[in-house]
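Structure, as structure tokens:
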There are 2 protein chains.
Amino acid sequence: MKIGDLEKQSGISAYTLRYYEKEGLLMPSKRGENNYRHYSQDDLITAKFIKRSKACGFSLSETASLLAIKTDKSQHVCAEAKSITHSKIQEIEEQIQRLQHMQETLIQLEKYCCGGQESAEFCSIISALEQDQIIEKGE
Amino acid sequence: MKIGDLEKQSGISAYTLRYYEKEGLLMPSKRGENNYRHYSQDDLITAKFIKRSKACGFSLSETASLLAIKTDKSQHVCAEAKSITHSKIQEIEEQIQRLQHMQETLIQLEKYCCGGQESAEFCSIISALEQDQIIEKGE
DNA sequence: CTTGACCTTAAACTATACTCTAAGGTCTAT
DNA sequence: ATAGACCTTAGAGTATAGTTTAAGGTCAAG
Ligand SMILES: [Zn+2]
Ligand SMILES: [Zn+2]
Ligand SMILES: [Zn+2]
Ligand SMILES: [Zn+2]
């Protein structure tokens, strides 16, 4: 499989596949005489693994760690995979909390604004942002 | 007020205040003979406005739009402020949905992994990522 | 045998929001 | 008068995850 084929099979752009290679995530199993990348079925599995990992919210660096486990399972233990996963769950939980807090604030802001074509002189959104009413939590 | 004072009063670093100036969000009301930035009480209010806006999840560019309304209220209408706010609510809603979907997937992944010191040969997390079980949704 | 599709590389560019450095000028207190 | 705190600028660096470009080499079909 050449890079264009893997692009179609995996749904990951050739640009990105080269980038993943540079980052050490997905090395083609060999290079042809013309120096073209040649990917195996295993490489396709790895490409999809990366895609799924990303869909779960793992960063490329975390994905690389999971990939290292996958590649050499006997040299790794469940605890490693579970720890990475657990940290991500915590992290996402915090993000959700942060977003929900913002969401509540925004909904309050929106609620009292008429949204009409009149001057923003007394706009509740603008004045709320001017006052000390909003609970300040750095993003 | 010099930049260091505004830094203390607003809790925004001097670096960031200069950056906000470069981005057109917060211009000091004047410059001293020594070219030092001089900030007024109004500038402090603006600085806090920016901070609150960011805490609500608005980007710097959205904050700039809100700031433009605040600065010249009579030339703007409620509809503008409400529209910006409404879009942000939608955007955050989508982010929360995305994160919750990830969260559910991750929790399923974590659930069946023993997390012990045994080889990752049969780790459910790794094998789930290898299989086509995970609903693929690009991040 | 040429056209067009596909491949190669290194490096620059995108986006966001800072953060820091270097080299130098100014201010305040002792 | 000199140390130390504070200010100035332009520009580079940080982080993440790509995306694109430029300049060129290779391959299959007609
Ligand atoms: Zn109104
Ligand atoms: Zn309003
Ligand atoms: Zn196990
Ligand atoms: Zn496991």
Side-chain angles (χ1 to χ4, degrees), chain A residues 1-39 43 47 49-67 88 91-92 95 98-99 102 137-139, chain B residues 1-39 43 47 49-67 88 91-92 95 98-99 102 137-139:
Chain A
M1 247 198 295
K2 280 181 293 178
I3 200 165
D5 302 318
L6 184 59
E7 173 172 33
K8 278 155 213 150
Q9 298 284 310
S10 69
I12 300 170
S13 84
Y15 296 142
T16 302
L17 289 168
R18 289 195 198 94
Y19 172 70
Y20 285 173
E21 179 178 348
K22 207 180 61 180
E23 295 298 305
L25 275 91
L26 177 52
M27 317 311 272
S29 30
K30 62 171 191 162
R31 290 289 186 128
E33 291 192 4
N34 49 16
N35 201 30
Y36 284 15
R37 291 167 176 85
H38 286 294
Y39 295 97
D43 293 335
F49 183 101
I50 294 171
K51 212 180 172 190
R52 288 186 208 109
S53 171
K54 295 238 69 199
C56 289
F58 291 112
S59 69
L60 284 194
S61 141
E62 290 156 347
T63 297
S65 303
L66 291 169
L67 219 37
K88 182 55 61 178
E91 191 188 298
I92 290 188
Q95 278 186 65
R98 223 161 31 76
L99 289 173
M102 284 178 187
K137 279 198 182 180
E139 216 189 328
Chain B
M1 246 196 298
K2 280 180 293 180
I3 200 166
D5 300 319
L6 185 57
E7 174 171 35
K8 277 155 215 151
Q9 297 283 311
S10 69
I12 301 170
S13 84
Y15 294 141
T16 302
L17 289 169
R18 288 193 199 97
Y19 172 70
Y20 286 172
E21 180 178 347
K22 205 178 61 182
E23 295 299 304
L25 275 91
L26 177 53
M27 317 310 271
S29 29
K30 61 172 194 162
R31 289 290 186 127
E33 291 191 3
N34 50 18
N35 201 30
Y36 284 16
R37 291 167 177 86
H38 286 293
Y39 295 97
D43 293 334
F49 182 101
I50 294 170
K51 213 181 171 186
R52 287 187 208 108
S53 171
K54 295 239 69 202
C56 289
F58 292 113
S59 69
L60 284 195
S61 141
E62 290 156 346
T63 297
S65 303
L66 291 170
L67 218 39
K88 182 56 60 178
E91 192 189 298
I92 290 187
Q95 280 188 64
R98 223 162 32 75
L99 289 173
M102 285 178 186
K137 280 197 182 178
E139 217 191 328

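Sequence lines set the chain letters: A, B, ... in the order given, protein chains first and strands last, and positions in each chain run from 1.
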Checklist outcome for this item: In whole angstroms, the gap separating P of dC7(D) from NZ of Lys30(B) amounts to 16 Å

Next on the checklist: Counting only side-chain nitrogens and oxygens, does Arg37(B) get under 4.0 Å of the OP1 or OP2 atom of dC7(D)?
Outcome noted: no

Checklist entry - Whole Å only: how far is the CD atom of Glu23(A) from the C1' atom of dA17(D)? => result 9 Å

Checklist entry - In whole Å, what is the span from the OH atom of Tyr39(B) to the P atom of dC6(D)? => result 16 Å

Checklist entry - Closer to the 5' end of DNA chain D via nearest nucleotide, is it Ser61(A) or Arg31(B)? => result Arg31(B)

Checklist outcome for this item: Note: Ala14(B) and Ile3(B) closest approach over all heavy atoms is O-CD1, 3.6 Å

Next on the checklist: Just the rounded figure in Å: distance from P of dT16(C) to CD of Glu91(B).
Outcome noted: 11 Å

Next on the checklist: For Ser29(A) versus Asp43(A), what's the shortest heavy-atom pair and its separation?
Outcome noted: OG-OD2, 2.9 Å

Next on the checklist: Just the rounded figure in Å: distance from C1' of dT8(D) to CD1 of Ile3(B).
Outcome noted: 10 Å

Checklist entry - With sequence neighbours left out, what residues match Lys2(B) under side-chain contact (heavy atoms from CB on, under 4.5 Å)? => result Asp5(B), Tyr36(B), His38(B)

Checklist entry - CG of Leu26(A) versus C1' of dA17(D): gap in Å, rounded? => result 16 Å

Checklist entry - For His38(A) and dT8(C), what is the distance between atoms NE2 and P respectively, to the nearest whole Å? => result 9 Å

Checklist entry - What string of B, S and - do you get for nucleotides 18-30 of chain D 5' to 3' if you count protein non-hydrogen atoms under 4.0 Å? => result BBBB---BBS---

Item to check | Check: Tyr20(A) and Leu60(A) side chains under 4.5 Å, non-hydrogen atoms | outcome: yes

Checklist outcome for this item: side chain to side chain contact (heavy atoms under 4.5 Å, CB included) test vs Arg37(A) passes for just one of Lys30(A), Glu21(A), Met1(A), Met27(A), namely Glu21(A)

Checklist outcome for this item: From CD of Gln95(B) across to P of dT16(C) the rounded distance in Å is 14 Å

Next on the checklist: Check whether Lys51(A) reaches the backbone of Ser10(A) with its side chain - one donor and one acceptor, N or O, closer than 3.5 Å.
Outcome noted: yes

